[in-house]
Structures are given as C-alpha cells and as structure tokens.
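The structure appears right after this line, and notes come after that.
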Amino acid sequence: MSQVTMVDFFGGAIRGVVPQGWIDGSDLREVPDHQELFLSPSTLSTFIMEINQRVSREEALSTFATINHQHPSLSTAGNGVATWTTPETVDQGAALHHLNDLCDEGDAMQIVTPPTRVVPARLSGPAPPGSSVTAYRGIVQFLTTGRRRGTIGAVTDSAVAGAAIDGPSSGGVQVSKVTCHYLLVRLEAQETDLVMFFNVPHEEFDKNGDAQGLSREEAVGENTVAALVDQLEIRDWSLFV
C-alpha cells in the first residue's frame, strides 16, 4: 500500500490524509476558499477536497435517472419512480451529480465503480446532535475529445486539474482520459456535501507506454481514498455554519 501522511485541511477544521510527499497547491497558486489542493511531485495527478452545497433530492434523482444505465448495480427495479427513490439512491445520485458537474460540453463520464456506501471510522461519533452523516466512494473516468489544446478544468473551475487535451488523435481530434477516485461525505444538518477527488490523467503514462506506471498511480488513488475512509475527521463543525 502506498504511504500517506496526515494533514490539516481548512485551517485544521478537517483532518485527513494525502499521499506522502505531495505538495500543498496553495503554496504555488491561489486556491478557492472552498477547496484544498495537493499536487504530486512527480506526475500530473492531483488531490482536491471541496466543500459544496448539498445536492437536493430532486437534482440527485434527476442525475441518477440520466446516468444509472451505465452500471448494472444502478439499474432501476421496475418502471415506477417509487421503486428506486431510496435514501441510498438519492445519495448515489448526489455523488454522480457532483462528478457530472465537472464535465464541460463534449466531455463524457463513465462509471467504473458505482457509488458504494462506506462508514468513515472517525465521523460516526463526534457529529453534533441531530446530524446525519453518510459517505460513498467510487471511481469514474472522464473522456474529453476536441480540436482545441488546453486543460480540463483549471482548479478554480473543476476538480479535474492538469489533464492536457493532446492525447492520441485522428483527423485533428485530441482525446484525453482522466480517472477520478472519489469520496463523498454528506452532512445533512449542515446542508453540505464534502467531496474528495483523486485525479489521474492518463496522458503522461500513455505517451511513454507505461501501463505499469499508470496502474501504480491508480493504486495510489485507491489507497488514498481508502485511508480517508479510515482517517477523515471533522474537528470543527462550525466550518459548515
């Protein structure tokens, strides 16, 4: 398992982990107040934590209905809406909504591992009375095709940072793929969705024919999210007021 190190987010209000040796992006560039950014010192991979407005039930179910066909475990059970509007479905839809919101026009999002319920070990006890905490993790891939050169989502606009659109091309069309390992923590009473994205752009590995390097980087993302499930801690709940 890749090594991680404990770090403070948002001035110590949240405690969690990032891969060992990663760089605090705020030391290099301006980062929005609702984000924390960490950069790999050796690859284009990024880790971003965002504090977002909680996705409404209506928005979540709308996204779920649009995307659920991509994975068998997200299939609806019957034709009526009531057969799949469970609390878990709403939370899964919220996760997919946050991810889909990262896509620009012409981007596609593919579900690799659907949002799966997890229980963060250090969040189950210290929440304020009346709070409800649920969490989901999963993996998606973002695919961009276009005739322009640039980046997919600068950090100020999107969690998918540092992915250049100059991969394999045909007829002037460039293709870029980014794997996103994510963790969503839903804080009902605080009307907040805390979202963590670990982004792995494929381009640098594909250019070098380094399939093993890509596999190792994907493992770093998976292990970091797993460590967050175990170690994530909210120390100051007033952050969400």
**OP:** Answer yes if the side chains of E217 and T43 hold a donor-acceptor pair under 3.5 Å, and no otherwise.
**Re:** yes
Original post:
Can you name the residues that form a salt bridge (charged side-chain N to carboxylate O under 4.0 Å, His left out) with D210, not counting sequence neighbours?
Top reply: none
Original post:
Quick one: do the R122 and Q231 side chains pair a donor with an acceptor below 3.5 Å?
Top reply: yes
Original post:
Just checking, is any N or O donor in the side chain of S56 or E59 under 3.5 Å from an acceptor N or O on the other one?
Top reply: yes
Subject >> Any side-chain donor near an acceptor of the partner, T179 and H202, under 3.5 Å >> reply: yes
**OP:** Answer yes when E233 and R235 have at least one side-chain N-carboxylate O distance shorter than 4.0 Å, and no when they do not.
**Re:** yes
Original post:
Residues in ring pair (Phe, Tyr, Trp, His ring centres under 6.0 Å) with F10, at least two apart?
Top reply: none
**OP:** List the steps, then state whether side-chain contact (heavy atoms from CB on, under 4.5 Å) holds for Y182 with M196.
**Re:** CA-CA 5 Å; Y182 65 88; M196 287 137 277; over 6 Å; no
Original post:
Are side-chain N/O atoms of H181 and E218 paired as donor and acceptor at under 3.5 Å?
Top reply: yes
Original post:
Within a reach of under 6.0 Å around CD of Q20, are more than 12 heavy atoms found that belong to other residues, nucleotides or ligands?
Top reply: yes
Subject >> Any side-chain donor near an acceptor of the partner, Q190 and S131, under 3.5 Å >> reply: yes
**OP:** Give me the ring orientation class for F38 and F9: parallel if the planes are under 30° apart, tilted from 30 to 60°, perpendicular past 60°.
**Re:** perpendicular
Subject >> Residue D27 excluded, over 12 heavy atoms near CG under 6.0 Å >> reply: yes
Original post:
Hey, are T89 and T86 close enough side-chain-wise for a donor-acceptor pair under 3.5 Å?
Top reply: yes
Subject >> Side-chain donor or acceptor of D107 paired with backbone N/O of D104 under 3.5 Å >> reply: yes
